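We use all heavy atoms of the structure for the numbers below, so side chains are in, but hydrogens, waters and symmetry mates are not. Only a predicted model underlies this, so the values are computations on that prediction, with no experimental measurement involved.
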Amino acid sequence: MHLLLSAAFVLCWSSGFIGAKLGADSASAVTILMWRFLPPAVVLVAVAAFSRTSWRGLSLRDGARQAVIGALSQSGYLLTVYSAIRLGVSSGTTALIDGVQPLVAGALAGPLLRQYVSRRQWLGLCLGVSGATLVALADAAAGTGAAWWAYLIPFLGMFSLVAATFLESRSRVRVAPLVSMTVHCATSAVVFTALAVGTGAAKPPAGTSFWVAITWLVVLSTFGGYGLYWLILRRSGVTEVNTLMFLMAPVTAVWGALAFDEPFGPQTALGLAVGLTAVVVVHRGNASSTATDAGGSTRRTADNRGAMVSSGFWKGHHRR
């Protein structure tokens with residue numbers, strides 16, 4: 001049962017990149033995102049009306065903070081992901097760049113939070129960025145038609161996630177998952193509806209392929225991925241979920257190659273291997289740091305602090 005839940009979670013979470021690719025040929029990024037977030041926002045707001053107890057104690061300031069976090073972690077991030085994929089960047093490359101986010105958050109936890117940054121942390125970050133670079137270069141060399149600057153766009157989204165991570169980590173108020181999800185989806189629905197209406201892209205295309213992509217994204221990516229995330233989190237804990245998160249890039253790369261003939265050669269495989277190696281390096285470093293702290297050490301490394309920052313963010317927020 002545990003294995004089936006883990007496999008379903010990885011597939012549903014990875015489906016967000018595939019769904020973006022499915023809709024890329026039928027509509028603009030803002031059109032897809034507007035119609036992706038409107039239905040979930042309506043459903044979640046309706047549910048919120050019948051579960052008011054979750055909202056008790058939430059101040060206007062806390063609600064505004066959640067709206068900003070949602071704008072960064074969903075609106076800003078997803079707009080860059082969808083735009084990059086529409087410009088020709090492969091779904092696997094985009095997923096791998098996204099996967100570097102926890103490593104970057106862990107490294108920045110040092111200078112921003114004045115914590116000690118270990119050599120293992122910097123090594124993991126360098127390996128992660130190297131892996132993403134290898135896959136991006138392989139993608140560009142395969143002649144996908146994407147301009148060189150298009151590969152920088154997913155990095156903007158990744159840094160948007162990092163900003164949301166640190167904003168959440170500085171919050172002293174822990175918001176219920178249903179509340180944060182509702183605020184985030186409602187914020188994204190408002191942002192993308194305004195962008196779509198302002199650019200004249202609010203009207204959905206007549207073809208069925210668009211609605212197939214929207215249904216895919218709402219059912220699999222939003223509700224499926226998020227629901228399974230919380231189920232596994234409660235059954236197995238944060239470490240299990242974070243480990244599964246790093247399987248998204250290779251799964252998406254293989255899925256994109258099979259579904260859309262995206263490039264997947266030796267260099268792509270090497271880049272993914274380097275990225276996964278970075279995860280193993282940092283993950284083992286976190287485990288050893290935790291064991292050392294349990295033994296009585298008072299110094300907290302950025303490996304440990306970075307893991308706490310990323311884990312704390314993911315315990316209440318949904319990227320895909």
Linked, directly or transitively: Leu178 and Leu228 (ILVMFWY side chains, under 4.5 Å): yes
Among all residues two or more places apart in sequence or in another chain, which pass the side chain to side chain contact (heavy atoms under 4.5 Å, CB included) test with Phe210? Ser26, Ala27, Thr31, Ile32, Trp35, Pro204, Pro205, Ile214
What are the two closest heavy atoms between Ala150 and Val89, and how far apart are they? O-CG2, 3.7 Å
May I ask you to decide if Ser15's main-chain N or O and Trp216's side chain share a donor-acceptor pair within less than 3.5 Å? yes
Mind checking whether Tyr151 and Ile97 have side chains closer than 4.5 Å, heavy atoms only? no
Check: Leu134 main-chain N/O paired with Gln267 side-chain donor or acceptor under 3.5 Å: yes
Is any side-chain heavy atom of Phe17 less than 4.5 Å from a side-chain heavy atom of Val251? no
Taking all heavy atoms of Cys126 and all of Ser130, pick out the closest pair and write down the distance. O-OG, 2.7 Å
Do the non-hydrogen side-chain atoms of Val254 and Phe264 ever get within less than 4.5 Å of each other? yes
Can you name the nearest heavy-atom pair linking Tyr77 to Ser160, along with the distance? N-OG, 3.9 Å
Between OG1 of Thr215 and CZ of Arg36, what distance do you get to the nearest 0.5 Å? 12.5 Å
I need the Arg65 CZ to Ser180 OG distance, nearest 0.5 Å. 13.5 Å
Test applied, side-chain contact (heavy atoms from CB on, under 4.5 Å); reference residue, Leu33; option that passes from Leu217, Leu38, Leu78: Leu78
Could you walk me through whether Trp13 and Leu220 satisfy the side chain to side chain contact (heavy atoms under 4.5 Å, CB included) test, starting with their C-alpha distance in whole Å, then the side-chain angles of each, then the deciding distance to 0.1 Å, before giving a yes or no? CA-CA 8 Å; Trp13 200 273; Leu220 291 179; over 6 Å; no
Check the pair Leu58, Val179 against side chain to side chain contact (heavy atoms under 4.5 Å, CB included), reporting the backbone distance first and the verdict last. CA-CA 9 Å; Leu58 184 71; Val179 174; 3.7 Å; yes
For a quick check under 3.5 Å, do Thr252 and Ser91 share a side-chain donor-acceptor pair by atom type? no
If you apply the rule side chain to side chain contact (heavy atoms under 4.5 Å, CB included), what do you find for Met34 with Leu195, and how did you get there? CA-CA 8 Å; Met34 169 187 167; Leu195 286 174; over 6 Å; no
For residues Phe37 and Val190: do they belong to one hydrophobic cluster (side chain heavy atoms under 4.5 Å, members Ile, Leu, Val, Met, Phe, Trp, Tyr)? no
In short, Cys185 meets Ala41 closest at the heavy-atom pair O-CB, 3.9 Å
Side chains of Ser28 and Arg86 only: does a donor on one sit below 3.5 Å from an acceptor on the other? no
side-chain hydrogen bond (donor to acceptor under 3.5 Å, both in side chains) partners of residues 185-208, not counting sequence neighbours, each pair once: Gln74-Ser188, Ser75-Ser188
Looking at CG of Leu87 and CD1 of Ile153, how far apart are the two atoms once the value is rounded to the nearest 0.5 Å? 5.0 Å
Could you state whether Phe192 and Phe223 fall into the same hydrophobic cluster, counting links through intermediate Ile, Leu, Val, Met, Phe, Trp or Tyr residues with side-chain heavy atoms under 4.5 angstrom apart? yes
Under a 4.5 Å side-chain heavy-atom rule over Ile, Leu, Val, Met, Phe, Trp and Tyr, are Leu156 and Ile85 clustered together? no
Of the non-hydrogen atoms in Ala29 and Leu79, which two are nearest, and what is the gap between them? CB-CD1, 4.3 Å
Around atom CG of Leu60, are there more than 12 heavy atoms from other residues, nucleotides or ligands closer than 6.0 Å? no
Kindly write out the residues that satisfy side-chain hydrogen bond (donor to acceptor under 3.5 Å, both in side chains) with Thr94, not counting sequence neighbours, or none if the list is empty. none
Given the rule in the side chain to side chain contact (heavy atoms under 4.5 Å, CB included) test, do Trp55 and Thr182 qualify, once you have shown the distances and angles that lead to the verdict? CA-CA 11 Å; Trp55 296 79; Thr182 302; 3.8 Å; yes
Would you say Thr80 and Phe155 make side-chain contact, with heavy atoms under 4.5 Å? no
Measuring only between side-chain heavy atoms, which start at C-beta, is Leu44 closer than 4.5 Å to Met181? yes
